[in-house]
Amino acid sequence: MSDSPAGSCCSVNSNSTVSADGRKDLLASPAGGMAECPVMVGSPVVIEVAEAAGLFRDYEGTRYYFCCAGCGPAFDADPAKYAAAA
């Protein structure tokens with residue numbers, strides 16, 4: 001069983017300007033580096049897009065990038081758990 005929240009966090013309503021369809025297009029773009037979401041492991045993240053949308057957290061000197069707005073609050077609830085898994 002996964003430690004990730006039930007279902008996809010990307011289904012959570014957010015104030016983010018990056019839509020699911022837009023995210024697919026942006027992932028195909030070569031602009032910027034890539035990261036992996038520590039909450040939804042296996043979900044790719046375009047660092048430049050995550051930065052622009054505020055989908056990141058800094059924890060103990062490391063920046064973590066998220067695939068969607070739902071992952072930030074999950075990370076905030078237990079950052080040590082997700083940082084250790086990253």
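In this text the structure is predicted, and so the values were computed from the model without any measurement.
- Every residue two or more places apart in sequence or in another chain was checked for a side-chain contact (heavy atoms from CB on, under 4.5 Å) with Ala77, and none qualifies.
- Residues in residues 33-42 take part in no side-chain hydrogen bond (donor to acceptor under 3.5 Å, both in side chains) pair, two or more places apart or across chains.
- Between Val46 and Met34 the shortest side-chain heavy-atom distance falls below 4.5 Å.
- In terms of the ring pair (Phe, Tyr, Trp, His ring centres under 6.0 Å) criterion, Tyr65 has no residue partners (sequence neighbours excluded).
- Pairs passing the salt bridge (Lys or Arg N to Asp or Glu O under 4.0 Å) check and including a residue from residues 62-71, sequence neighbours excluded, read Glu51-Arg63, Asp58-Arg63.
- By the side-chain contact (heavy atoms from CB on, under 4.5 Å) test, Ala85 pairs with no residue at all, sequence neighbours left out.
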TODO: Apply side-chain contact (heavy atoms from CB on, under 4.5 Å) to the pair Tyr64 and Phe75, showing each step before the final yes or no.
DONE: CA-CA 9 Å; Tyr64 296 90; Phe75 185 89; 3.6 Å; yes

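- In terms of heavy atoms, Ala74 sits closest to Val39 at CB-CG1, 4.0 Å.
- Under the ring pair (Phe, Tyr, Trp, His ring centres under 6.0 Å) criterion, Phe56 pairs with no residue at all, not counting sequence neighbours.
- Listed by first and then second residue, the salt bridge (Lys or Arg N to Asp or Glu O under 4.0 Å) pairs involving residues 68-78 are Arg57-Asp76 (not counting sequence neighbours).
- Residue Pro44 comes nearest to Cys67 through the heavy atom pair O-CB, 4.4 Å, listed as atom of the first residue, atom of the second, then distance.
- Here the closest non-hydrogen pair linking Val45 and Ala50 is CG1-CB, 3.6 Å.
- Of all the heavy atoms in Ile47 and Ala35, the pair that sits closest is CG1-CB, 3.9 Å.
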